**Student:** 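The structure follows.
In each ligand, atom 1 is the first atom listed, and ligand 1 is the first ligand listed. Values in this document were obtained by computation on a predicted structure and should not be read as measured data.
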Amino acid sequence: MEYTVPFINPRKHYQRHKSEIDDAITQCLTNGDLVLRQQLRDFERNFADFVGTKYAVGVNSCYHALHFSLLAAGIGPGDEVITVAHTFVATVSAIVHCGAKPVLVDVSPDYNMDVDSLERAITPRTKAIIPVHLNGRVCEMDRLMTIAENYRLVVIEDTAQALGAGFNDTKAGAFGLAGCFSFYPFKALGALGDGGAVTTNDPAVARIVTLLRFNGEDRETGDFHYHGYTALLDNVQAAVLSAKLRHLPDWIAHRRSVANRYDEKLAGVGDLMLPRFSEKKHFDSFQNYVIRTRSRDALRAYLRESGVETLVHWPKPMWQHEGLNLEDPMVPNTEAICREVISLPLSAETELEEVDYTTDCIRRFFSRR
Ligand SMILES: Cc1ncc(COP(=O)(O)O)c(C=O)c1O
C-alpha cells in the first residue's frame, strides 16, 4: 500500500543523498575494497569520535553487538542479566544465547528502565545490567551507574534506538563497558541493510569483539583465539555510513523539530499521552515519537485508512510468545504500554506538512468520538 505519509521514506532519503552514497559505493567497488578495508577503519574512528569513546568496532547488527559485548564481559551460564521487559526481543535473545538468564523489569512512564525495579531485581547471581535507551531517550544513567558500582555489575547499553541522545552531556553508548548500536535502515543512521557497532573505552572489549566478529581470528597473526562468528560490518556499508554520519547532527535536529511540531499540534487532544519528559539532564534524539491512548487500535486503523503509516513497538509482550520460553515478569506498566502505544511517522525526511496532515487526522478521530 502506498501511504500519503509513510513511516520512513527510504526512496526520498536515497534521492537526497544519492551522489554521496553512490560515490562511497563506487569507490569501494572500483578499488575492490569489500571486506575489512580502510573504509571500515575510518568509519569506526568517526563513529567512536561521534559517540565519545576510544573505540568502535563494526559488526553486522545490534544483536551481535549485544551478544559479543556480553561474551566479552564474561557473561555465561549461571549468570543473571537484568534488562527491561519493554524492548525488542534481540536484547533478550543476546542474553539467552550466552547461556545466561534474562531478568526482565518494568519501565517508567518515559519507557525506560525503572531504576527502583532494577535494584529490587538484583540477586547474588546478577552479573550485568542492560539498560535500553528507548525511542531516543537515555535511561536515568546517574542513578543506574551508581547502583551498578555499588553491586559491582557490568553495564552494557542497548543503544539501538539512541544514537546521538545524551544525558548530562555524555552520549548514549559512552556510559557502560560497551554501547551496542543498530544501523538497521529504520534507525537514525541507517545502513543499506543490517549493520551495528560496539563502542567502548576498554581495549580488551574492543579486541574480543574484533576477534569474535571474524571467526575468532587475529588477522595480523592468523591465530584463532575463540570459536567465533561471521558478523562483520561490510566495508561498503561502512563507507556509506561514514558519508551519512556527517549529516547526523542535522538529522537529529530535524527529528527534534518534528517532535516539537507533534507536541504543539497534539497537546490536549483526546486522552493522548505525549512523549514529552524532563530534558533537564536529557538530550532526546527522537528515534521514535510514541503516543499513548486507550483507543490505540481504533486510532491506528483510522490513520491507516487516512493513508498514514504507523508502527507499534511492540503489541504482544515478549513472554506471551510461547516459542521464547520466558517467564511472565509481572510488569503492569509494560503490559499497558503494549496495549496503548503508537509510533507516528518520523525520519530525517518527514516534512512538517506531513506532521500537520497526521495530526489533523488524529484530531478528527478524537473529535468524532
Ligand atoms: C532496542 C533494540 N535493541 C536491539 C535491536 C536489534 O537491532 P538489530 O536489528 O540491528 O540487530 C533493536 C532493533 O530494532 C532495538 O530496537
**Student:** For Ala160, counting its heavy atoms only, list the atoms of ligand 1 lying under 4.0 Å from any of them.
**Tutor:** 2 (C), 3 (N), 4 (C), 5 (C), 12 (C), 15 (C)
**Student:** Find out whether the Lys NZ or Arg CZ of Arg207 is both under 6.0 angstrom from the six-membered ring centre of Tyr55 and within 45° of the ring's axis.
**Tutor:** no
**Student:** At less than 4.0 angstrom from any non-hydrogen atom of Val132, what atoms of ligand 1 do you find?
**Tutor:** 1 (C)
**Student:** Go through ligand 1 atom by atom and flag the ones less than 4.0 Å from a non-hydrogen atom of Thr91.
**Tutor:** 3 (N)
**Student:** Less than 3.5 Å apart, any donor N or O on the side chain of Asp158 or Thr91 sitting next to an acceptor on the other?
**Tutor:** yes
**Student:** Would you please determine whether Lys187 falls within less than 4.0 Å of ligand 1 on a heavy-atom basis?
**Tutor:** yes
**Student:** For ligand 1, does Gln161 get within less than 4.0 Å through its side chain, its backbone, both, or neither, judged by non-hydrogen atoms?
**Tutor:** side chain
**Student:** Is the shortest N/O to N/O distance between Tyr63 and ligand 1 below 3.5 Å?
**Tutor:** yes
**Student:** Among protein heavy atoms, which lies nearest atom 9 (O) of ligand 1, and at what distance?
**Tutor:** Ser182 OG, 4.1 Å
**Student:** Quick one: nearest non-hydrogen protein atom to atom 12 (C) of ligand 1, plus distance?
**Tutor:** Phe88 CD2, 3.6 Å
**Student:** For ligand 1, is there an N or O atom under 3.5 Å from any N or O atom of Thr87?
**Tutor:** no
**Student:** In terms of ring plane angle, is the pair His282 and Phe167 parallel, tilted or perpendicular, where the classes change at 30° and 60°?
**Tutor:** perpendicular
**Student:** Would Trp251 and His13 count as a ring pair (Phe, Tyr, Trp, His ring centres under 6.0 Å) if you check the C-alpha gap in whole Å, the side-chain angles of each, and the deciding distance to 0.1 Å?
**Tutor:** CA-CA 11 Å; Trp251 293 345; His13 179 79; 5.2 Å; yes
**Student:** Is the closest side-chain heavy-atom distance between Val331 and Val105 below 4.5 Å?
**Tutor:** no
**Student:** Over 60° means perpendicular and under 30° means parallel, so classify the ring planes of Phe43 and Phe183, tilted if in between.
**Tutor:** perpendicular
**Student:** Report, in ascending order of atom number, the atoms of ligand 1 lying under 4.0 Å from any heavy atom of Ala90.
**Tutor:** 6 (C)
**Student:** When you compare the side chains of Asp42 and Ser242, does any donor N or O come within less than 3.5 Å of an acceptor on the partner?
**Tutor:** no
**Student:** Below a 4.0 angstrom heavy-atom separation, can you tell me which part of Cys62, side chain or backbone, both or neither, approaches ligand 1?
**Tutor:** both
**Student:** For the 3.5 Å polar cut-off, considering only N or O atoms, please tell me whether Asp158 and ligand 1 meet it.
**Tutor:** yes
**Student:** What closest approach, in Å, do Thr293 and Leu299 show between heavy atoms, and which atom pair accounts for it?
**Tutor:** CG2-CD2, 4.0 Å
